[in-house]
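Below is one structure, written out as structure tokens, with a few remarks after it.
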2 protein chains.
Amino acid sequence: MRATVMYGPKVVQLESVPDPVIQEPTDAIIRVLVSCICGSDLWPYRGFDAIPEGGRPMGHEAVGVVEEVGSEVRTLKPGDVVLMPFAISDGNCEFCREGLTTACAHLQFFGAPGIGGAQAEAVRVPFADGTLYKVPARESGRALLPHLLTLTDVMGTGHHAAVTARVEPGKVVAVIGDGAVGLCGVLAARRLGAERIILLGHHPDRLELGRIFGTTDVVMERGEAAVERVRELTGFGVHSVLECVGTEEAVDMAVQIARPGGAIGRVGVPHHAGIPATTTFYKNVIVAGGPAPTRAYMPELLPDVLEGRMEPGRVFDLRLPLEQVAEGYRAMDERRAIKVLLEP
Amino acid sequence: MRATVMYGPKVVQLESVPDPVIQEPTDAIIRVLVSCICGSDLWPYRGFDAIPEGGRPMGHEAVGVVEEVGSEVRTLKPGDVVLMPFAISDGNCEFCREGLTTACAHLQFFGAPGIGGAQAEAVRVPFADGTLYKVPARESGRALLPHLLTLTDVMGTGHHAAVTARVEPGKVVAVIGDGAVGLCGVLAARRLGAERIILLGHHPDRLELGRIFGTTDVVMERGEAAVERVRELTGFGVHSVLECVGTEEAVDMAVQIARPGGAIGRVGVPHHAGIPATTTFYKNVIVAGGPAPTRAYMPELLPDVLEGRMEPGRVFDLRLPLEQVAEGYRAMDERRAIKVLLEP
């Protein structure tokens, strides 16, 4: 089959690899219907994350069809349409039972050594019962696929940012970052009842989608000027900050604009050392978040997609056949696309 | 009257100063029944915090009797016995109404320029209605005074650590620091229903009091050995960490021993730059806490003291007349005393 492999900064290509096969009785093989490129895939693409010798299989988000299951898989059968979240979880450990699937005792990530990626025609999925989430059969029409796909990562991650930032009805919320996760964060904050949603970003097309998703105020300033602008808009700052970038600048800004007693939900993978200890302390600001347990959020979020109450798939503004995956990376790297959907 | 002033590291003395007078119509003057020395007073005493030119009036915890009130004070009258928390709060702003009195729009601290300290015979209390909390008259017997006094700072602070670390019935809790706040944190965790309370400290006498307060396990190791020991005791770590020290080492330890999805309640004044961004992220650990709104916790905690359900005043293991305040500082600095109670 064909699969995407990254060999170094800006070196990513589709190539022929052996078809995945069942290795453990708890595995499933899924044929990929749609997958996509993640903002986090740009970290190694831009040379900020190391790439293992021999290349790294890419892609960790997919909607697929089950092709084959191992002998111990109980809840899935060939033909089932499934959501494949970015994290592999056993579904049985104490963390999975608590809903923190990204702390699973058997946590693994797609694209890790020995595990394939989703920017491919098929993937082996370990702990298939725990990892995959079945979509009701009659609800898997092609028009829904982009929206479903977001539940495997970006929409679940935006929701996690909102949940850990304690968004509730009536709250004033800021979302830092107008990438796909930030935009999904806007959608999640609106869904949870935020009264006001301030989106901080710099790209007019993304901010426009943010308005459609529920943004009430846009802040395009940077650094201290952005902090000042949020203070003008809010007085003491915002109750909830969804930090969807992961840089030191973004985290410092989150700390600055949080209201005393407010909360920051971090979902941008941190590429910096420390969270300011003193400012967060004196403001009694709560810092939370981390890798989103998107698998655990699927039961809550899926009905909103199936019943058309939200359309997170609008973050895919470029749709390419899998063979053009390299162009997909270029488009995201050059910010010509918010997020690229790939069809094998 | 006599009041305590600190002039530099290790230079603290009782001296004659003008009697406090009503300056604003919302002020009250209280005569101090008991006050005490705080662990945070040792930071300037040891040269880690700057001391203003001309000296700093010391002391921010007191139980007192109202002597005089300004024309706009509504809820207090001369003769009332009151708790004086370390922070001055107006009682009316949006933060006070939300219970975060340490983010009050008029927040000030005792000992700041123009405001006296409590290691004195009397104190002027700004925003007396908001700041002071009245104790039912018949409940102010002298035997209760040490316990009542802890509600102005250390017991309220230990409670804040437990609340922000999300202690709940059945949870496994670690308390870092066996000072007065850490010991009160043990009491608070037990009060909130913790199943297991691990106290990390190095002083046998303090750890013994910790056992009386509810500690189930003691860890006397330091650094990595302490982390290993907590892991041996708990497997994945603890649900809640009460960080009652404020050093970089203590915060790093808190992050290490927190279970994925767990929470850290910081109440040690931070004397370090950053909270580890990556470890907290990958573990989805919540970092919360800050200056405790002890005024807001008084209605909840006072009945437990009045009705004898907890005796946090046992942290006072040295009781001195106010004229021996300098000896009190020495005893705490040399760790001969956990916490020193002063009687004018």
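Residue numbering restarts at 1 for every chain, and letters A, B, ... go by the order of the sequence lines.
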### Query
Under a 4.5 Å heavy-atom cut-off, does chain A meet the side chain of B/V285, its backbone, both or neither?
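Answer is backbone: N, CA, C or O of B/V285 sit under 4.5 Å from chain A.
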### Interface moiety of B/V269 toward chain A, non-hydrogen atoms closer than 4.5 Å
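Both backbone and side chain.
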### Message
Let's test your reading of the structure: which of A/A105, A/G246, A/P291, A/G99 forms the most heavy-atom pairs below 4.5 Å with chain B?
### Response
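Top count of heavy-atom pairs under 4.5 Å with chain B: A/P291.
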### Message
Quick check on the interface: out of A/P270, A/A292, A/P276, who has the most heavy-atom pairs with chain B under 4.5 Å?
### Response
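Winner by heavy-atom pair count: A/P270.
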### Option that, when pairs with chain A are counted at under 4.5 Å, heavy atom only, ranks first among B/A273, B/A263, B/G289, B/A288
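Highest number of pairs under 4.5 Å: B/G289.
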Between chain A and chain B, identify all donor-acceptor pairs below 3.5 angstrom, including backbone and side-chain atoms.
unit_1 : atom_1 : unit_2 : atom_2 : d
A/E94  : OE1    : B/R259 : NH2    : 2.4
A/E98  : OE1    : B/R259 : NH1    : 3.2
A/E98  : OE2    : B/R259 : NH2    : 3.0
A/H160 : NE2    : B/N284 : OD1    : 2.8
A/R259 : NH1    : B/E98  : OE1    : 3.1
A/R259 : NH2    : B/E94  : OE1    : 2.5
A/R259 : NH2    : B/E98  : OE2    : 2.9
A/R266 : NH1    : B/A277 : O      : 3.0
A/R266 : NH2    : B/T280 : OG1    : 2.9
A/A273 : O      : B/A277 : N      : 2.9
A/I275 : N      : B/I275 : O      : 2.8
A/I275 : O      : B/I275 : N      : 2.8
A/A277 : N      : B/A273 : O      : 2.9
A/A277 : O      : B/R266 : NH1    : 3.0
A/T280 : OG1    : B/R266 : NH2    : 2.9
A/N284 : OD1    : B/H160 : NE2    : 2.8
A/N284 : OD1    : B/G290 : N      : 3.2
A/N284 : ND2    : B/P291 : O      : 2.9
A/V287 : N      : B/V287 : O      : 2.8
A/V287 : O      : B/V287 : N      : 2.8
A/G290 : N      : B/N284 : OD1    : 3.2
A/P291 : O      : B/N284 : ND2    : 2.9

### Query
Looking at residues at least two apart in the chain, or sitting in another chain, which of them share a side chain to side chain contact (heavy atoms under 4.5 Å, CB included) with A/A194?
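Applying side chain to side chain contact (heavy atoms under 4.5 Å, CB included) to A/A194 gives A/V167, A/V173, A/A189, A/I197.
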